[in-house]
> 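What follows is a single structure, and I will ask about it in a moment.
In the text below, chain A, chain B and the rest are named by the order of the sequence lines, each starting its count at 1.
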2 protein chains.
Amino acid sequence: MSRKAKRTEGGTTSNALLGLLSMGPMSGYDIRALIGRSIGYFWSESYGQIYPGLKRLAAAGLVEKKTERQKGRPDRHVYSLTAAGRMRLKEWLKLPVTSEPPRNELLLKLFFGGHVPHSVSREHVTEFLEEHEQALKTYAAIAKDLRKDADGAEVPFYLMTLSLGKHGSDASVKWARETLKKLDELEKHKGGRR
Amino acid sequence: MSRKAKRTEGGTTSNALLGLLSMGPMSGYDIRALIGRSIGYFWSESYGQIYPGLKRLAAAGLVEKKTERQKGRPDRHVYSLTAAGRMRLKEWLKLPVTSEPPRNELLLKLFFGGHVPHSVSREHVTEFLEEHEQALKTYAAIAKDLRKDADGAEVPFYLMTLSLGKHGSDASVKWARETLKKLDELEKHKGGRR
DNA sequence: GGGTGCATGTAATGGGTTACATGATTCT
DNA sequence: AGAATCATGTAACCCATTACATGCACCC
């Protein structure tokens, strides 16, 4: 009974935290802020995950906690990776990506679009279009920033992730425009239907 | 004390169930199977959601249950939409799409790709590529099927949802190939890094 | 005086998957 | 003989968001 038990710390969230801490020592608050400026467009964590997560990681010896006293403000709890934590991160990075079941509410609503006026589907698609147009602007801005301080060895990786966002949003915009046209045509040709 | 309370039945799952039942009366088992042949590529539900979900919907008067006795096999519980259920579905369809926080594990791993050999990232991207190539084949097959019996008024909507899948997978394939090239270049030019 | 930012955390609640439990029939 | 399909459902567990609770400092 002890195959490779090692009841330690699973969960993608923990590993995301390790990854973020690999960029430097940080508090939970810092982590949230860093997410916003870096991986926010493809990953998110709430405080309700971050604080308990850090605690668990500390208990497992994967991160180390140091308390910085401050005047006025509450103490800062700054966490940093331990050697074990860095190893754990690498191991996890090597594991195959676990894909989760798809859930796309826009498509679900569009699929059943026959039950409602076409204008409803139009609106959903339009909003989707606008979101992705906005996203494209954001990506462009981030890419610009990245190329500015394009020194680090990690930058190419950051650009690759950005690029998937861009490809995806480009495709989404294209699809949305086509779909709006199709909806308009449906509207015109709606001959003998109730 | 009674603004617009109406504590009834929220949750996207319930509404997905209503949508599926709008295609005809069905049992929980049938629903699972239907998902596989229709919206499976952008939506999924497990039995653990379906059976309790149907029960709640029945309690709320949105669906009606009829039991079909069978020999040998367990009874079939066939559910069908009530008028109230159909109304509820339409209302929900009109509501704006609620987008959920993004979580893309592939990008997360790629983002931190600097910590591991490039071959690791290569493998992740390759698997992603293959998944989407496979998906494209599936989409093509479904589209063919759909155009075969292209009578119903709903078919255009089915094709629109399919089309987003196609656009998305096309983009993903394109990105994956580009990214593999970049990874190879990184590998070649890895001059003065530890 | 009021909003925003700094900074921590917990509790309630919701949503979901997976594994378990059961068992006959039909196909290979 | 064994696998797949039909058919239902529950229980344990995990993961995650949101709301709550607290409170000072700084800027307008």
Side-chain angles (χ1 to χ4, degrees), chain A residues 7-17 25-37 40 42-60 63 65-79 92 98-105 108, chain B residues 7-17 25-37 40 42-60 63 65-79 92 98-105 108:
Chain A
R7 179 103 342 278
T8 18
E9 242 315 284
T12 325
T13 290
S14 307
N15 288 297
L17 291 175
M26 266 177 286
S27 69
Y29 190 86
D30 294 337
I31 286 179
R32 188 90 209 277
L34 175 58
I35 290 176
R37 296 178 261 117
F42 65 77
W43 199 265
S44 66
E45 297 290 352
S46 60
Y47 286 129
Q49 287 280 101
I50 294 171
Y51 285 118
L54 288 172
K55 208 183 240 182
R56 285 198 317 271
L57 288 172
V63 302
K65 174 175 168 178
K66 266 170 201 153
T67 302
E68 290 178 7
R69 202 80 27 103
Q70 298 190 130
K71 54 157 193 170
R73 294 198 175 71
D75 294 355
R76 269 170 65 81
H77 299 288
V78 178
Y79 293 85
W92 174 75
T98 68
S99 57
E100 50 189 330
R103 290 196 133 220
N104 185 323
E105 194 182 312
L108 190 59
Chain B
R7 178 107 340 280
T8 20
E9 240 319 282
T12 325
T13 290
S14 308
N15 288 297
L17 291 175
M26 266 179 285
S27 71
Y29 190 85
D30 295 337
I31 286 178
R32 189 89 208 277
L34 175 57
I35 290 176
R37 297 177 261 115
F42 64 77
W43 199 265
S44 67
E45 297 289 353
S46 60
Y47 287 129
Q49 286 281 99
I50 293 172
Y51 286 118
L54 289 171
K55 207 182 239 180
R56 285 199 317 271
L57 288 172
V63 302
K65 174 177 170 177
K66 267 171 201 153
T67 301
E68 289 177 7
R69 200 84 24 105
Q70 298 190 130
K71 52 157 194 172
R73 294 200 175 68
D75 295 354
R76 267 171 66 81
H77 299 289
V78 178
Y79 293 85
W92 174 74
T98 67
S99 56
E100 50 188 331
R103 289 196 134 220
N104 187 323
E105 195 183 310
L108 190 58

> Working to the nearest 0.5 Å, report the span between NE2 of A:H77 and CG of A:D30.
12.5 Å
> Write down the distance between CD (A:Q49) and P (D:dA19), rounded to a whole number of angstrom.
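Atom-to-atom, A:Q49 to D:dA19, this comes out as 16 Å.
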> Is there a donor-acceptor pair closer than 3.5 Å between any side-chain N or O of B:R32 and the backbone N or O of B:S46?
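It does not hold such a pair.
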> Write down the distance between CZ (A:R32) and P (D:dT18), rounded to a whole number of angstrom.
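Between P of D:dT18 and CZ of A:R32: 9 Å.
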> Can you measure A:L57 atom CG to C:dG9 atom P for me and round it to whole angstrom units?
13 Å
> Under a 3.5 Å cutoff, is there a donor and acceptor pairing between the side chains of B:N15 and B:T12?
no
> Mind checking ring-ring contact (aromatic ring centres under 6.0 Å, His included) for A:Y29 and listing every partner two or more places apart, or none if nothing turns up?
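Listed in chain order: nothing, the list is empty.
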> For residues A:P102 and B:G40, report the shortest heavy-atom separation together with the two atoms involved.
CG-O, 3.7 Å
> Go through the steps to decide whether A:E45 and A:I35 satisfy the test side-chain contact (heavy atoms from CB on, under 4.5 Å), and finish with yes or no.
CA-CA 8 Å; A:E45 297 290 352; A:I35 290 176; 3.9 Å; yes
> What is the separation between atom CD on A:E45 and atom C1' on D:dT17, rounded to the nearest whole Å?
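Taking atom C1' of D:dT17 as the reference, CD of A:E45 is at 11 Å.
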> Using whole Å, report how far CZ of B:R103 lies from C1' of C:dG16.
14 Å
> Which residue is it: A:L34, A:V78, A:L17? I am looking for the one with a side chain to side chain contact (heavy atoms under 4.5 Å, CB included) to A:M26.
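Looking at A:L34, A:V78, A:L17, the match for A:M26 under the side chain to side chain contact (heavy atoms under 4.5 Å, CB included) is A:L34.
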> Please round to 10 degrees the angle between the axis of the first five pairs and the axis of the last five pairs in the helix from C:dG1-D:dC28 to C:dT28-D:dA1.
40°
> If the sugar-phosphate is the primed atoms plus P, OP1 and OP2 and the base is the rest, what is the B/S/- string for nucleotides 3-8 of chain C, using protein heavy atoms under 4.0 Å?
--SBBB
> How long is the span from the CD1 atom in A:I50 to the CG atom in A:L57, to the nearest 0.5 Å?
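The CD1 atom of A:I50 sits 11.5 Å away from the CG atom of A:L57.
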> Does OP1 or OP2 of C:dG16 have a side-chain N or O of B:T13 closer than 4.0 Å?
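B:T13 to C:dG16 OP1/OP2: side-chain N or O found under 4.0 Å.
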> Which nucleotide sits closest to the side chain of B:K55: C:dG9, D:dA16, D:dT10?
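Taking heavy atoms from C-beta onward, the closest nucleotide is D:dT10.
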> Say you draw a straight line from CD of B:Q70 to CG of B:D75; how long is it, rounded to the nearest 0.5 Å?
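If we round to the nearest 0.5 Å, B:Q70:CD and B:D75:CG are 7.5 Å apart.
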> Please state how far atom CE in B:M26 lies from atom C1' in D:dT8, giving the value in whole angstrom units.
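Going from CE in B:M26 over to C1' in D:dT8 covers 17 Å.
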> Grab the CZ-P distance between B:R69 and C:dA24 for me, whole Å please.
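That distance rounds to 18 Å.
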> Between atom CD1 in A:I50 and atom C1' in D:dC15, what is the gap in whole Å?
14 Å
